[in-house]
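Residue numbers start from 1 in every chain, and the chains themselves are labelled A, B, ... in the order their sequence lines are given, proteins ahead of strands. What you see below is based on every heavy atom in this structure, not just the backbone, and it leaves out hydrogens, waters and symmetry mates. Nothing here was measured: the structure is a model prediction, and the numbers come from that model.
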There are 2 protein chains.
Amino acid sequence: MAPRSGTRPFSQKTITDVAQRAGVSISTVSRVINQSAPVSSNLENKVKAAIAELDYRPQTAARALAGQKTHTIGLLLAEIGTDFYPLMIRAIEAEARKNHFNLLINVAGDDTSIEGEIPYTLGEYNSDGVLVFPASLSDDELYRMHLNNFPVVLVQRRPPAGLEFPCITIENKLPARKMVDHLIEVHGFRRIAFLSGLADHEDARRREQGYHESLESHGIPYDPTIVAQGYFQKQASQDAVCEWITAGFEFDAIFACDDISAIGALSALNRAGLNVPNDVAVVGFDDIEVSRFLSPPLTTVKVPIQEIGRAAIQQLLAFMNGEVPDMCTHFETELVIRRSCGCR
Amino acid sequence: MAPRSGTRPFSQKTITDVAQRAGVSISTVSRVINQSAPVSSNLENKVKAAIAELDYRPQTAARALAGQKTHTIGLLLAEIGTDFYPLMIRAIEAEARKNHFNLLINVAGDDTSIEGEIPYTLGEYNSDGVLVFPASLSDDELYRMHLNNFPVVLVQRRPPAGLEFPCITIENKLPARKMVDHLIEVHGFRRIAFLSGLADHEDARRREQGYHESLESHGIPYDPTIVAQGYFQKQASQDAVCEWITAGFEFDAIFACDDISAIGALSALNRAGLNVPNDVAVVGFDDIEVSRFLSPPLTTVKVPIQEIGRAAIQQLLAFMNGEVPDMCTHFETELVIRRSCGCR
DNA sequence: TTGAAAGCGATACCAC
DNA sequence: GTGGTATCGCTTTCAA
């Protein structure tokens with residue numbers, strides 16, 4: 001029989017091949033693969049042998065179609081090319097794999113969808129549930145998923161008003177405030193600059209609030225000239241700090257709302273020949289992997305990145321299994337004092 | 001009709017729903033979705049309207065099963081939690097998406113497969129082709145894929161003897177040699193330490209060869225006491241350099257076989273109170289995103305990370321389309337002189 | 001405990 | 001151009 005056009009150029013073993021080789025029905029093969037019903041150990045061994053001999057792997061498409069489960073979890077991010085995500089994704093991938101789920105990755109920012117065309121993203125048509133990161137999915141889409149009762153877990157993001165989704169959050173405002181308190185109380189700084197994040201990023205906004213609160217509680221006036229947008233980017237942050245320096249603005253410390261911006265700040269200072277922390281102190285937030293290896297090691301707030309990833313998958317799995325997930329998993333964060341603030 | 005057990009808890013629109021709503025057959029719906037045959041613009045509009053009204057998205061499982069294509073590309077890595085991959089994955093994701101392919105990610109190192117169980121990884125049963133990174137897949141598995149004529153593109157890795165796969169490679173030995181030449185000829189260093197990578201990583205081995213060749217051509221004896229394994233890791237590299245310092249070994253420069261190890265080296269030197277580049281110079285390889293923001297900015301070899309990712313997808317797509325891919329796509333790399341070597 | 005057979009939701013062939 | 005229908009490979013009922 002000639003293959004139809006569109007047939008793959010490579011052969012695929014099927015469950016029927018296995019069944020024939022083992023001398024059983026395909027039902028039995030399915031049962032031993034999925035352990036979905038008892039099979040006599042005699043047949044079970046035959047089937048296992050046949051599977052091994054043929055090096056058979058079930059086609060996921062057929063499995064998904066018949067079983068109405070894709071065995072796939074989707075990851076929806078706004079941007080994957082940043083230093084914040086490697087460890088997060090590592091943890092997510094490991095946890096998904098442990099539970100025999102595949103990981104489908106989708107970066108919303110790269111969207112090339114054409115008006116009127118069906119969008120190729122993540123949803124009920126290709127996964128059993130998704131992890132949604134900040135700024136990656138519109139409220140409309142979230143609403144649609146909610147209507148369809150599709151399992152979604154929000155990471156570092158709370159659900160929009162009226163919707164209920166489990167979410168994984170972290171403590172931002174208080175540690176940000178404590179960090180600035182530290183700069184003020186321990187080191188005596190009063191001119192503390194701030195590098196903000198993205199406007200649609202909740203964590204970043206709360207960190208900025210912490211900055212304001214600390215300033216206020218110490219009676220230090222807010223000075224917008226030493227506040228700039230870092231956009232979670234090294235280059236933008238470096239540029240901003242360079243401008244401050246060029247403009248002659250005075251500041252004795254910089255609080256960056258994430259470590260990536262802090263790296264940009266460190267770089268700007270280094271280029272200007274300023275010493276950290278002697279001339280200017282720099283502190284960040286997140287404690288990404290590289291932070292403790294910087295020169296000087298960065299004082300920051302430790303966010304349990306891998307725990308967040310693990311928890312996200314666990315809540316999603318619970319949701320998918322029809323269990324009641326924790327609607328809010330909240331992680332504490334703590335100051336990590338290293339050398340860039342002037343300590344030691 | 002009651003749903004069978006195992007049915008998803010959430011409803012799914014089907015092509016039949018769309019056909020009914022538009023008053024056409026499912027064949028016609030399929031044609032407009034895939035533009036696989038001409039459809040009168042009258043019906044086409046009706047179908048598009050129905051799709052929009054129902055917010056219909058074709059189920060990928062059904063599509064894959066019927067069409068014998070998964071529309072999915074697999075990424076097989078040994079480790080995803082490193083600073084080298086973010087930009088690579090970003091480029092790969094963007095390029096895959098542009099071509100309407102999904103991205104499935106699999107980290108081989110996390111393997112939790114159980115003896116006798118069917119391994120849940122990547123292959124012909126769940127993707128149309130895979131990108132294989134160093135140390136992520138055994139030669140046996142590669143051989144199996146080759147037998148099945150399954151599209152594979154190797155990235156930063158050459159095929160094992162006897163197998164033919166398109167591969168994406170970069171220039172390693174020559175630039176490594178030039179880098180060490182630079183250290184010797186421009187800066188007059190003769191005690192140059194080396195931080196090696198992983199033994200099963202071809203790029204790392206070639207870079208080490210470049211180091212040897214440069215030393216040899218300058219008549220500098222190879223000194224194993226100042227050569228250590230950095231394992232592409234910051235911590236391991238930091239530890240190695242700390243040990244050298246503690247042991248009192250002398251060296252005036254460190255050539256790290258990748259930027260990640262260089263960061264570890266920088267950190268060790270900083271902790272020991274040594275100035276880079278005045279006391280010891282440090283150079284790396286890869287030019288990952290953070291390198292130019294380090295203090296001091298890192299002299300390194302620029303590897304076109306995003307171009308590699310893009311080329312890998314393009315070759316894989318060609319392979320999958322039955323075209324003849326370039327069996328070897330080779331990228332040049334160039335020295336990027338910054339300040340950590342002592343220049344400026 | 002086992003096998004036969006009815007779907008799952010698409011694609012693509014065939015006839016009209 | 002359009003519709004009917006066999007088919008993809010598997011899971012799950014149902015009957016034995």
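Atom CD1 in A:Ile15 sits roughly 6 Å away from atom C1' in D:dC10 (whole-Å rounding). Atom C1' of nucleotide C:dG9 and atom NE2 of B:His71 are separated by 13 Å, given to the nearest angstrom. Rounded to whole Å, the distance from CZ on A:Arg63 to P on D:dT11 is 6 Å. If you take NZ of B:Lys46 and C1' of D:dT2, they are 13 Å apart, rounded to a whole angstrom. Rounding to whole angstrom units, CD of residue A:Gln12 and P of D:dG9 are separated by 8 Å. Per the geometry, CD belonging to A:Gln59 stands 18 Å off P belonging to C:dA10, to the nearest Å.
The stretch residues 27-39 of chain B touches DNA chain C through B:Ser27, B:Ser30, B:Arg31, B:Asn34, each having a heavy atom within less than 4.0 Å of the strand.
Heavy-atom neighbours of B:Glu323 CD from other residues, nucleotides or ligands within 6.0 Å: above the threshold of 12.
A ring-ring contact (aromatic ring centres under 6.0 Å, His included) check over residues 310-331 of chain A, counting only residues at least two apart or in different chains, returns nothing.
Once rounded to the nearest 0.5 Å, the distance linking CZ of A:Arg310 with CE of A:Met88 reads 11.0 Å. Note that CD1 of A:Ile51 and CZ of A:Arg57 are 11.0 Å apart. Values are rounded to the nearest 0.5 Å.
Put simply, A:Ser25 has a side-chain N or O that comes within less than 4.0 Å of OP1 or OP2 on C:dG3. Using a 4.0 Å cut-off, some side-chain N or O of B:Tyr56 falls inside it from OP1 or OP2 of C:dA10.
For B:Ala66, the side-chain atoms get nearest to C:dT11 when compared with the rest of C:dT11, C:dT2, D:dG9. Comparing D:dC8, C:dT11, C:dG9 by their nearest atom to the side chain of B:Gln68 picks out D:dC8. When distances run from any side-chain atom of A:Ile26 to the nucleotides C:dT2, C:dG9, D:dT11, the shortest one goes to D:dT11. Distance from the side chain of B:Ser40 is smallest to D:dT2 among D:dT2, D:dG9, C:dA10.
With sequence neighbours excluded, the residues that form a ring-ring contact (aromatic ring centres under 6.0 Å, His included) with A:Tyr85 are A:Phe133.
Each of B:Thr70, B:Asp128, B:Leu316 was compared with B:Phe101 under the side chain to side chain contact (heavy atoms under 4.5 Å, CB included) criterion, and only B:Asp128 meets it.
Closest heavy-atom contact between A:Leu75 and A:Leu122: O-CD1, 3.4 Å.
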